[in-house]
Number of protein chains: 2
Amino acid sequence: MNWRDVPSLSALRAFDAAARAGSFSQAARELNVTHAAIAQHVRSVESDLGASLLVRQGRGVVLTDAGARLADALSDGFGQIIAGVKSVRADVDARPLSITATHNFAESWLMPRIGKFWAKYPEIALSIVPSNKLVDLRKDGFDVGIRYGDGNWPGLETTHLLAADYTVVAAPGIVKTDQIAQSGATWFFEDAHQESQRWVREAGLIGPSQKSVTVSTLGMALSAVRAGGGITIAASALVSDDIKDGRLVALSQTQPERIGYYIIHPPGVLSDRVKTFKKWLLKAL
Amino acid sequence: MNWRDVPSLSALRAFDAAARAGSFSQAARELNVTHAAIAQHVRSVESDLGASLLVRQGRGVVLTDAGARLADALSDGFGQIIAGVKSVRADVDARPLSITATHNFAESWLMPRIGKFWAKYPEIALSIVPSNKLVDLRKDGFDVGIRYGDGNWPGLETTHLLAADYTVVAAPGIVKTDQIAQSGATWFFEDAHQESQRWVREAGLIGPSQKSVTVSTLGMALSAVRAGGGITIAASALVSDDIKDGRLVALSQTQPERIGYYIIHPPGVLSDRVKTFKKWLLKAL
DNA sequence: TCATTATGTTAGTTGAGCTTTCATATGAAC
DNA sequence: GTTCATATGAAAGCTCAACTAACATAATGA
């Protein structure tokens with residue numbers, strides 16, 4: 001497309017508005033600018049094209065022949081553009097809000113609560129995809145994500161959701177709080193969480209005779225531990241429900257750290273749906 | 001037209017270019033910007049609409065479904081706009097260059113020379129409209145004008161063409177140079193030129209017994225004077241041909257003043273035809 | 001004739017649009 | 001597998017297009 005000989009699109013839009021309104025002042029109100037801006041734009045298009053397009057008549061302006069022909073083309077052209085944008089927005093609004101969350105967070109925190117979200121906002125369909133990768137939200141079509149880390153991800157806006165302290169838990173009666181390393185109870189560790197394992201060893205909470213089993217998900221570890229099979233360590237927020245309901249007891253706890261769970265989304269203006277979901281997340285803590 | 005939810009037109013054009021090129025770098029070359037500008041615009045449209053439109057694939061980008069739909073609409077819309085602009089330009093180029101000049105200038109200076117202009121530029125049709133008014137060039141559809149005055153006309157670009165000194169002339173043998181006031185020859189004055197009449201009186205060039213006749217145009221005055229009917233005063237440039245050809249003799253002359261003949265046109269870039277005409281005027285002195 | 005509302009015009013302000021710079025990714029050639 | 005060329009990604013900084021503010025002039029209605 002040859003844009004070389006085309007006046008400024010802003011100027012053409014100003015002319016289009018003035019042409020349809022028959023008035024610089026009315027066009028200005030429609031485009032939320034001053035009449036001076038419209039006047040300058042229109043005259044610059046005229047100067048550029050070497051033709052008079054709108055001339056003063058009484059308290060308004062009327063189109064010349066050249067102006068009428070240009071106005072027709074612009075009306076069609078801008079109409080198509082606006083319709084195309086509107087259509088894309090409608091499609092975006094029609095599909096479910098696409099959310100990605102880490103496996104642990106999705107299973108232990110989000111899914112138990114999602115019923116409450118739907119109760120409150122039945123009109124917002126969600127699509128929740130568990131993933132531990134820091135995916136490219138835009139490329140992979142996500143509106144919003146929840147991720148675990150230090151919150152420093154270039155090109156993303158991050159909002160702190162949960163602090164990342166850990167709690168050591170077991171079923172009631174399995175081990176006394178001050179005898180974790182001497183208890184002989186089996187440790188269950190999630191495969192990916194090397195850091196929490198290191199912490200357990202450095203805190204002296206694992207004895208030489210204690211067996212440890214590595215599993216692939218926190219959910220598996222929690223299933224075993226709820227059944228009285230031993231001890232595990234998890235982010236405090238992910239086991240707060242189990243503790244509150246008496247299924248597990250807290251044996252030890254780390255200090256809150258810099259890393260934690262964050263809400264992430266691309267920079268820029270958020271759609272209403274994303275805003276709603278984000279606000280709900282922050283309130284549902 | 002509701003522009004409220006429409007991304008920046010510059011950004012949409014950048015997206016359109018990238019969509020059709022399949023490459024930010026190629027789109028940048030086509031729009032004469034850097035690839036960074038294209039990338040920023042595209043991502044801002046995506047952020048605004050809440051949808052991925054172009055994703056990286058190998059060394060280029062490909063359209064998503066949403067992107068393809070938007071690209072179709074933009075292609076149509078921008079295509080219409082460009083076609084409309086092109087059509088108006090073509091019409092403007094097809095019609096004659098519209099020139100307004102003062103009556104005197106048109107008759108005494110321009111028309112005698114216009115043949116040379118057409119000889120040199122046969123492809124440029126001209127429409128010459130004599131008028132002494134400082135018309136609204138744009139409103140009245142003129143490309144360029146020639147006017148007499150001090151050159152200080154707000155909103156117009158002015159280029160000095162001719163200085164406004166005056167020459168007193170008569171046919172050869174009608175009057176001796178040092179005996180204008182004593183000659184008894186009839187003075188012919190153009191109606192509008194009060195200033196030159198005042199100069200004649202103040203210079204003592206009109207005697208108490210001399211008749212003076214006021215006519216409506218310089219052309220009428222010159223006709224009478226060429227026929228030996230008396231004396232007149234005119235802008236030097238307008239009678240330089242008559243003097244050179246021996247039809248008239250110069251009897252007296254004013255000093256050049258601030259006022260004079262100017263080429264006027266609206267501000268902004270001039271079309272090639274206007275540039276050509278203007279340049280020719282300045283050379284044809 | 002006066003008040004209201006329009007366009008015309010110019011000087012000044014500012015943020016959208018861009019460039020610059022550097023980083024990272026991809027693919028071709030060797 | 002390495003190197004080089006060419007792509008996109010991202011952030012900081014620059015600048016002038018687009019605008020506002022202010023005042024002038026024109027047109028219309030009361």
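Below, chain A is the first sequence line, B the second, and so on; all start at residue 1.
- Shown for residues 36-47 of chain A: residues whose heavy atoms fall under 4.0 angstrom of DNA chain D, namely A/Ala36, A/Ala37, A/Gln40, A/His41.
- Here the closest non-hydrogen pair linking A/Ala28 and A/Thr34 is CB-C, 3.5 Å.
- In this structure, NZ on B/Lys86 lies 7.0 Å from CG on A/Asn2, to the nearest 0.5 angstrom.
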Footprint string (nucleotides 23-30 of chain D, 5' to 3'): B base within contact, S backbone only, - free, heavy atoms under 4.0 Å: ---SBB--
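- Remark: B/Thr34 is not in phosphate contact with C/dT20, judged by side-chain N or O atoms under 4.0 Å from OP1 or OP2.
- In this entry the distance linking CG of A/Leu31 with C1' of D/dA18 reads 13 Å, nearest Å.
- The aromatic ring centres of B/Tyr148 and B/Phe105 sit 6.0 Å or more apart.
- With sequence neighbours left out, B/Gln80 forms a side chain to side chain donor-acceptor pair (under 3.5 Å) with no residue at all.
- Evaluation of the salt bridge (Lys or Arg N to Asp or Glu O under 4.0 Å) rule for A/Asp48 yields B/Arg89 as partners, not counting sequence neighbours.
- Nearest approach of B/Ser131 to B/Thr100, heavy atoms of both residues: CB-OG1, 3.7 Å.
- Atom CG of A/Leu238 is separated from atom OG1 of A/Thr102 by 7.5 Å, given to the nearest 0.5 angstrom.
- Listed by residue number, A/Ser23, A/Phe24, A/Ser25, A/Arg29 are the residues of residues 9-29 of chain A with a heavy-atom contact under 4.0 Å to DNA chain C.
- Taking atom CG of residue B/Asp48 and atom P of nucleotide C/dG17, one finds them 12 Å apart after rounding to whole Å.
- In this structure, CG of B/Leu63 is placed 16 Å from C1' of D/dT8, rounded to the nearest angstrom.
- When the side chain to side chain donor-acceptor pair (under 3.5 Å) test is applied to A/His265, the partners found at least two apart in sequence or on another chain are A/Lys278.
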Criterion side chain to side chain contact (heavy atoms under 4.5 Å, CB included) on B/Leu63 and B/Leu70, from CA distance to verdict: CA-CA 10 Å; B/Leu63 285 161; B/Leu70 182 60; over 6 Å; no
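- Dense packing is recorded around CG of A/Asp93, with more than 12 heavy atoms of other residues, nucleotides or ligands lying under 6.0 Å away.
- Distance, B/Leu137 CG to C/dT9 C1': 16 Å, rounded to whole Å.
- In this structure, B/Phe15 and B/Gly67 approach most closely via the heavy-atom pair CZ-O, 3.5 Å.
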